[in-house]
Asks: 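Starting off with a structure, shown below.
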Protein chains: 2
Amino acid sequence: MAKKNTLPYIILGLLSKSELSGYAIRTAFENEIGEFWQAKHSQIYPELKKMLAADLVTFRTEIVGEKLEKKLYSLTAKGTTVLADWIQSPTDDLPVSHDEFALKLYFVSSQADPIIATMMTKQLSNHQQNLSHLKARQRLLFSTATAIKTNYGHYLILRRAINRETDYVDWLKTELAEQQKFNRQG
Amino acid sequence: MAKKNTLPYIILGLLSKSELSGYAIRTAFENEIGEFWQAKHSQIYPELKKMLAADLVTFRTEIVGEKLEKKLYSLTAKGTTVLADWIQSPTDDLPVSHDEFALKLYFVSSQADPIIATMMTKQLSNHQQNLSHLKARQRLLFSTATAIKTNYGHYLILRRAINRETDYVDWLKTELAEQQKFNRQG
DNA sequence: TACGTCATGTAAATAGTTACATGATTGG
DNA sequence: CCAATCATGTAACTATTTACATGACGTA
């Protein structure tokens with residue numbers, strides 16, 4: 001996880017689609033990429049500075065209204081190359097999906113513990129909510145074939161997120177059913 | 001994610017099952033819990049020291065062979081309470097499953113880019129390998145009803161990991177099929 | 001006797017979060 | 001005019017990784 005410094009590559013990727021301010025990069029993490037990575041503005045601004053020094057990005061300043069200065073970053077030639085190299089490099093390390101809920105279950109050793117059903121029911125509701133949100137996004141963004149064609153990467157990872165959440169929900173339902181069966185049989 | 005300091009709770013959870021050395025805690029991350037969390041020994045030893053100071057754990061020293069000293073940690077009453085509180089506390093923050101591969105796909109905007117199929121084929125092989133490994137573990141550890149009953153938490157998260165990997169494999173297969181269809185139709 | 005594993009630690013660096021700080025713009 | 005959002009930054013802290021360091025044990 002940490003330590004491979006993925007953030008600069010994500011920033012490069014975002015900038016390859018369009019010129020963006022630090023603030024706009026920050027808000028991008030509220031969309032689908034936020035399902036796979038997140039960063040706060042306090043990490044983004046210093047990172048942009050480092051990337052500027054490394055000649056991966058440039059910026060131009062735009063005035064919004066009377067005096068508010070907005071820095072619009074874009075890729076340099078070097079940045080474009082570095083991004084392409086990253087995308088083409090192998091992604092061999094499987095992600096360790098930090099899952100606090102799964103860990104908690106691991107430490108509830110007894111199948112008879114009623115807390116399992118309580119925990120699972122709550123978690124089911126959480127994931128169902130996220131799934132509804134993602135499906136609404138899909139309807140909103142990708143109801144036409146053209147939308148899919150012009151934004152294929154976005155389409156792919158939205159489907160990935162939907163798959164992931166659907167699977168989590170299904171797993172919880174299966175295990176809950178097994179719990180209920182166990183409790184009936186005693 | 002980080003920053004909620006989950007590690008001490010995992011350590012408490014492991015120690016609730018049996019007395020363990022720092023080294024044994026480290027090796028536990030090579031089993032199923034490693035699918036959901038990981039830590040190096042350089043983080044574990046200092047953490048145990050902090051937990052000792054916080055009266056969450058105690059240890060006794062065992063001599064292995066002639067002089068090698070092994071510290072066997074176990075829970076204090078306080079540690080037991082803190083663990084139970086953690087397990088019962090809500091797990092409302094959905095995990096941001098860091099997925100570098102999904103991010104890379106997001107930045108390959110064009111459906112026509114042949115790199116997509118190459119990347120997906122490689123990734124499919126990675127996940128299939130992990131899935132085989134997990135299924136072998138299931139056969140090894142949970143082929144009897146008794147095994148499931150006496151180690152239910154372990155059984156649950158192994159199934160969770162298998163579900164997760166199965167879903168990833170299925171998603172990749174689906175998207176690869178769509179890619180091939182797209183390429184034929186041009 | 002050499003190699004892999006068991007065993008325990010510390011130090012230095014980086015990644016990421018939380019908190020501190022400031023000010024302009026837009027829309028109701 | 002007030003609140004939400006746009007916009008940019010820094011400081012302090014914590015979590016995590018990589019690297020440094022040492023030594024005993026078991027076995028082939």
Side-chain angles (χ1 to χ4, degrees), chain A residues 1-11 14 18-31 33-34 36-54 57 59-73 93 95-98 100 103, chain B residues 1-11 14-15 19-31 33-34 36-54 57 59-73 93 95-98 100 103:
Chain A
M1 66 234 51
K3 193 34 95 58
K4 242 184 64 190
N5 221 4
T6 306
L7 183 59
Y9 296 108
I10 299 171
I11 292 175
L14 290 168
S18 65
E19 212 183 29
L20 294 169
S21 65
Y23 191 86
I25 290 168
R26 183 197 110 157
T27 58
F29 287 103
E30 282 158 25
N31 292 347
I33 68 160
F36 303 106
W37 205 274
Q38 283 184 351
K40 318 276 182 186
H41 76 281
S42 55
Q43 197 184 1
I44 293 166
Y45 289 116
E47 192 64 56
L48 282 168
K49 249 191 181 171
K50 283 202 296 181
M51 292 168 77
L52 197 65
V57 296
F59 73 92
R60 67 184 181 86
T61 305
E62 203 179 71
I63 304 292
V64 180
E66 285 296 303
K67 30 180 152 168
L68 202 163
E69 289 194 352
K70 191 201 260 194
K71 289 184 182 173
L72 288 168
Y73 289 87
D93 45 335
V96 180
S97 351
H98 282 186
E100 207 179 314
L103 290 166
Chain B
M1 71 216 37
K3 192 32 95 60
K4 241 184 62 187
N5 221 4
T6 306
L7 182 60
Y9 297 108
I10 298 171
I11 293 175
L14 290 168
L15 296 179
E19 211 183 30
L20 293 170
S21 66
Y23 191 86
I25 290 168
R26 184 198 110 157
T27 57
F29 287 103
E30 281 158 26
N31 293 346
I33 68 160
F36 303 106
W37 205 274
Q38 283 186 351
K40 318 276 181 186
H41 76 282
S42 55
Q43 197 185 1
I44 294 165
Y45 289 117
E47 192 65 56
L48 281 167
K49 248 191 183 172
K50 282 203 297 182
M51 292 169 77
L52 198 65
V57 297
F59 72 93
R60 67 185 181 86
T61 304
E62 202 179 71
I63 303 292
V64 181
E66 286 295 304
K67 29 180 154 169
L68 203 162
E69 290 194 353
K70 191 202 259 194
K71 291 182 182 173
L72 289 168
Y73 290 87
D93 45 336
V96 180
S97 351
H98 282 187
E100 206 179 315
L103 290 167

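Throughout, protein chains are lettered first and strands after them, A, B, ... in sequence-line order, and every chain is numbered starting at 1.
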Asks: What nucleotide among C:dG16, D:dG9, D:dT16 has an atom nearest to a side-chain atom of A:Asn5?
Replies: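 Among the listed nucleotides, the one closest to the side chain of A:Asn5 is C:dG16.
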Asks: Report the distance from atom CZ of B:Phe36 to atom NE2 of A:His98, rounding to the nearest 0.5 Å.
Replies: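 That separation rounds to 11.5 Å.
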Asks: Could you tell me how far apart A:Leu20 (CG) and D:dT8 (C1') are, to the nearest whole angstrom?
Replies: 15 Å
Asks: Could you tell me whether the side chain of A:Ser42 has a donor or acceptor atom within less than 3.5 Å of a complementary atom in the base of C:dT18?
Replies: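 In this structure, the two groups form a donor-acceptor pair.
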Asks: Answer whether the closest heavy-atom distance between the side chains of A:Ile33 and A:Leu14 falls below 4.5 Å.
Replies: yes
Asks: With sequence neighbours excluded, what pairs up with A:Ala39 under the side-chain contact (heavy atoms from CB on, under 4.5 Å) test?
Replies: A:Leu7, A:Phe29, A:Gln43, A:Ile44
Asks: What donor-acceptor contacts under 3.5 angstrom involve side-chain atoms of residues 59-73 of chain A, with partners at least two apart or in another chain?
Replies:
residue	atom	partner	partner atom	Å
A:Arg60	NE	A:Glu19	OE2	2.6
A:Arg60	NH2	A:Glu19	OE1	3.1
A:Arg60	NH2	A:Glu62	OE2	3.4

Asks: Which whole-number value in Å describes the distance from A:Lys40 NZ to C:dC20 P?
Replies: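 Nearest whole value for this atom pair: 15 Å.
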Asks: Counting C-beta onward and ignoring hydrogens, is there a side-chain heavy-atom pair between B:Ile11 and B:Leu20 closer than 4.5 Å?
Replies: no
Asks: With a 4.0 Å heavy-atom cut-off, tell me which residues in residues 21-29 of chain B come close to DNA chain C, sorted by residue number.
Replies: B:Ser21, B:Gly22, B:Tyr23
Asks: Could you state the atom-to-atom distance from CD1 of A:Ile11 to P of C:dA15 in whole Å?
Replies: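 Value for this atom pair: 12 Å.
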Asks: For the side chain of A:Lys49, counting heavy atoms from C-beta on, which of D:dA15, D:dG9, C:dA11 is nearest?
Replies: D:dG9
Asks: Expressed as a whole number of angstroms, how long is the span from A:Ile44:CD1 to D:dG9:P?
Replies: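 To the nearest whole Å, that distance equals 12 Å.
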Asks: Please list, chain by chain and in numerical order, all residues satisfying side-chain contact (heavy atoms from CB on, under 4.5 Å) with B:Lys50, sequence neighbours excluded.
Replies: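 B:Lys50 satisfies side-chain contact (heavy atoms from CB on, under 4.5 Å) with B:Asn5, B:Glu47 only.
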Asks: Rounded to the nearest Å, what distance is computed from the CZ atom of residue A:Phe59 to the C1' atom of nucleotide D:dA7?
Replies: 14 Å
Asks: Within less than 4.0 Å of OP1 or OP2 of D:dT16, is there a side-chain N or O belonging to B:Gln43?
Replies: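 Result: yes.
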Asks: Hey, what do you get for CD (A:Glu100) to CG (B:Asp93), rounding to the nearest 0.5 Å?
Replies: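 With rounding to 0.5 Å, CD (A:Glu100) is 6.0 Å from CG (B:Asp93).
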Asks: Going by the rule ring-ring contact (aromatic ring centres under 6.0 Å, His included), which residues pair with A:Tyr9 if we only count those two or more places apart in sequence or in a different chain?
Replies: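 A:Trp86.
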Asks: In residues 63-73 of chain B, what residues come within less than 4.0 Å of DNA chain D, judged by heavy atoms?
Replies: B:Val64, B:Gly65, B:Glu66, B:Lys67, B:Leu68
Asks: Find out whether B:Leu48 and B:Leu52 are in side-chain contact, i.e. whether some heavy atom of one side chain is under 4.5 Å from a heavy atom of the other.
Replies: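 Result no, sub-4.5 Å side-chain heavy-atom pair not found.
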Asks: Please give, in whole Å, the distance from C:dT10 P to B:Glu47 CD?
Replies: 13 Å
Asks: Measuring from the side chain of A:Lys50 (C-beta onward, heavy atoms only), which nucleotide among D:dA15, D:dG9, C:dA15 has the closest atom?
Replies: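 The nucleotide sitting nearest to the side chain is C:dA15.
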Asks: Send over the distance from A:Tyr45 OH to C:dA21 P, rounded to a whole Å.
Replies: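 Atom OH in A:Tyr45 sits about 19 Å away from atom P in C:dA21.
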Asks: Once you round it to whole Å, what is the distance between C1' of D:dT10 and CG of A:Leu48?
Replies: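 Distance check: A:Leu48 CG to D:dT10 C1' gives 15 Å.
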